[in-house]
Amino acid sequence: MKINGNFLNLKDSYLFSTVAKKIKEFQSANPGVKVYRLGIGDVTLPLVPAVIEAMHKAVDEMGRKETFRGYGPEQGHDFLRDAIANYYADKKVKISSDEIFISDGAKSDLGNILDILDPSDKVLIPDPVYPAYVDTNIMAGRKIDTALGNQANSFKPMPDENYKADIIYICSPNNPTGSVYNYEELKAWVDYANRQKALIIFDCAYEAFVGDESLPTSIFQIEGARTCAIEFCSFSKTAGFTGTRCGYTVVPQELVFDGVKVNSLWNRRQCTKFNGVPYIVQRGAEAVFSKEGNRQIRENIAYYKENARIIHEALEKKGIWHIGGVNSPYIWLKCPDGMTSWEYFDHLLTKAHVVGTPGAGFGEMGEGYFRLTAFGDRETTQEAVKRILEFS
């Protein structure tokens, strides 16, 4: 028996594991000191009442013989797939229910989709970016190239016609930088992918935070995307499902490579390796799209966006270069005084007792930058910002 040697090419520790270890060590050495966390992007507000009510009702159904449900469809229940299709229709995007696959979160499907793609495919991943994109491709032994983000391009790299890519990752709004591609920029990527006969893996987990109507929230709002893109989304940040786990993946029927419909291939994969998301969770997710559910989750999103505004305006007044914090829950700032990302992390932790995320953990181009999140509670956010300004 041999192990998959590609796993040995991974870094020793996942970014957020290292952050958690450093916090634990600090708290052990400084018992009783409160740490203000603006690091990991977990939500802090509870599930909204409409979701809880729907899940309670589903629990009651599971306790009665006449309404009990066993195995559900691997692709997801029709009631949720139809609700998502209607959500796209409100954006004037036509997506049919059989193009929607319910999952336990975008992170899972972003890794699982690689099952149906050739290991020899050349992968283009933006840098800096969410580490899971890189790690899952390393696990599969793929060759990875990077599209470099920097201050000059507002951390929104654009396609290079001299480079041949097979798989292209795009995250907009971006994690970690908070940058958002506009229609023209996404159209350039879609046209590039179609010319290259490449596949765009489009992660829009933070689309609900886009308040500017001039910015796209789905790759399928771009002409030509149905022949080159798969979209991944999640209820984690939209509706606080980080502990409940539910997301969805959209695979258009027009997406064909090597004469094979990707939708059919993905369906075959899911039927073999996935038993579906629990019925109770899917009923909760359906409630997100109800009139009352949508109103309630918009209130929660507004709460987080206000946190982002507080951080954004404080950094503006201090003159610290940053992006994000407007159509995104993330703020990406340049470390002061030439500090490296981890030096600034240690500085804030030990001096200000504030935790953020070192930009270097998101790629080489993240070195010298730092990510803050707006997902904390209001009091924590305000105190953390006050401390950051004091010690920056």
Side-chain angles (χ1 to χ4, degrees), residues 15-16 37-44 106 125-133 147-158 169-183 185-186 189 202-219 232-234 236-238 300-335 341 344-345 354-363 365-376 381 384-385 388 392:
L15 167 63
F16 298 107
R37 299 172 186 256
L38 297 183
I40 193 167
D42 197 2
V43 295
T44 52
I125 297 178
D127 182 348
V129 79
Y130 183 45
Y133 303 163
L148 304 182
N150 50 51
Q151 281 186 234
N153 60 25
S154 298
F155 287 91
K156 293 188 291 182
M158 296 302 292
Y169 282 78
I170 298 176
C171 180
S172 182
N174 183 269
N175 177 14
T177 68
S179 60
V180 186
Y181 281 108
N182 62 33
Y183 279 91
E185 290 162 341
L186 277 188
W189 275 111
F202 189 77
D203 183 353
C204 64
Y206 303 96
E207 56 91 19
F209 287 84
V210 177
D212 186 342
E213 294 184 358
S214 70
L215 296 172
T217 56
S218 167
I219 192 71
F232 301 79
C233 199
S234 169
S236 289
K237 308 303 165 48
T238 298
N300 281 8
I301 290 170
Y303 179 93
Y304 294 132
K305 290 185 75 171
E306 176 61 14
N307 283 348
R309 186 196 65 78
I310 290 169
I311 301 170
H312 165 71
E313 290 194 354
L315 296 177
E316 284 273 306
K317 290 178 182 177
K318 186 74 173 181
I320 298 175
W321 185 93
H322 66 284
I323 56 174
V326 179
N327 292 292
S328 165
Y330 296 121
I331 296 87
W332 182 251
L333 63 95
K334 189 172 180 60
C335 298
S341 298
Y344 190 53
F345 175 90
V354 172
V355 173
T357 309
F362 297 100
M365 299 304 291
E367 180 56 85
Y369 295 89
F370 205 73
R371 191 193 78 173
L372 299 175
T373 172
F375 286 119
T381 300
V385 167
I388 289 171
S392 293

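The minimum heavy-atom distance linking Thr238 with Ala208 is given by the pair OG1-CB, 3.7 Å. For Leu186 against Pro216, the heavy-atom pair with the smallest separation is CD1-CG, 3.7 Å. In plain terms, the two heavy atoms of Cys233 and Ala205 that are nearest each other are SG-CA, 4.3 Å. The two residues Ala308 and Ser328 come nearest to each other via the heavy atoms CB-O, 4.0 Å. Taking all atoms of both residues into account, the shortest heavy-atom contact from Ala384 to Leu38 is CB-CD1, 3.5 Å. Met365 approaches Pro128 most closely through the heavy-atom pair CB-CD, 3.8 Å.
Here the two rings, on Tyr369 and Phe362, have centers that are 6.0 Å apart or farther. Residues Phe375 and Phe209 bring their aromatic ring centres within 6.0 Å.
Atoms NE2 and NZ, from His312 and Lys317 in turn, are 11.0 Å apart once rounded to the nearest 0.5 Å. With rounding to the nearest 0.5 Å, the separation of CH2 in Trp332 from CG in Asn174 is 8.5 Å. Atoms CD1 and CG, from Ile320 and Leu333 in turn, are 6.5 Å apart once rounded to the nearest 0.5 Å. Between the CD1 atom in Ile301 and the NZ atom in Lys237 there is a gap of 12.0 Å [rounded to 0.5 Å]. Separation of atoms NZ (Lys318) and CD1 (Ile388) is listed at 11.5 Å; rounding is to 0.5 Å.
Side chains of Thr373 and Tyr304 form no contact here, defined as non-hydrogen atoms less than 4.5 Å apart. At least one side-chain heavy atom of Val355 sits less than 4.5 Å from a side-chain heavy atom of Phe345. Between Val180 and Asp212, the closest side-chain pair of non-hydrogen atoms is not below 4.5 Å. Within the 4.5 Å cutoff, side-chain heavy atoms of Pro173 are placed close to those of Val210. The shortest distance between side-chain heavy atoms of Ser392 and Tyr344 falls below 4.5 Å. Residues Ser172 and Phe202 have side chains in contact (heavy-atom distance under 4.5 Å, counting atoms from C-beta outward). Counting heavy atoms from C-beta on, the side chains of Pro157 and Pro126 come closer than 4.5 Å.
In terms of modelled atom types and a separation under 3.5 Å, the side chain of Asn150 and the main chain of Asn153 share a donor-acceptor contact. Panel note: side chain Thr177, backbone Ile323; no donor-acceptor pair is recorded below 3.5 Å. Remark: side-chain polar atoms of Arg37 are not paired, donor with acceptor, to backbone N or O of Val354 under 3.5 angstrom. In terms of modelled atom types and a separation under 3.5 Å, the side chain of Glu185 and the main chain of Asn182 share a donor-acceptor contact. Asp127 contributes no side-chain N or O that, together with a main-chain N or O of Leu148, makes up a donor-acceptor pair within less than 3.5 Å.
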### Task
Start with the C-alpha distance between Asp203 and Asn175, add both sets of side-chain angles, then the distance that settles side-chain contact (heavy atoms from CB on, under 4.5 Å), and finish with yes or no.
CA-CA 10 Å; Asp203 183 353; Asn175 177 14; over 6 Å; no

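Each of Phe155, Tyr130, Tyr206 was scored for a ring pair (Phe, Tyr, Trp, His ring centres under 6.0 Å) with Tyr330, with one residue passing: Tyr206.
Considering only residues two or more places apart in sequence or on other chains, Glu313 meets the salt bridge (charged side-chain N to carboxylate O under 4.0 Å, His left out) condition with Arg309.
Aromatic ring pairs are classed by plane angle as parallel below 30°, tilted from 30° to 60° and perpendicular above 60°; the pair Tyr181 and Trp189 is perpendicular.
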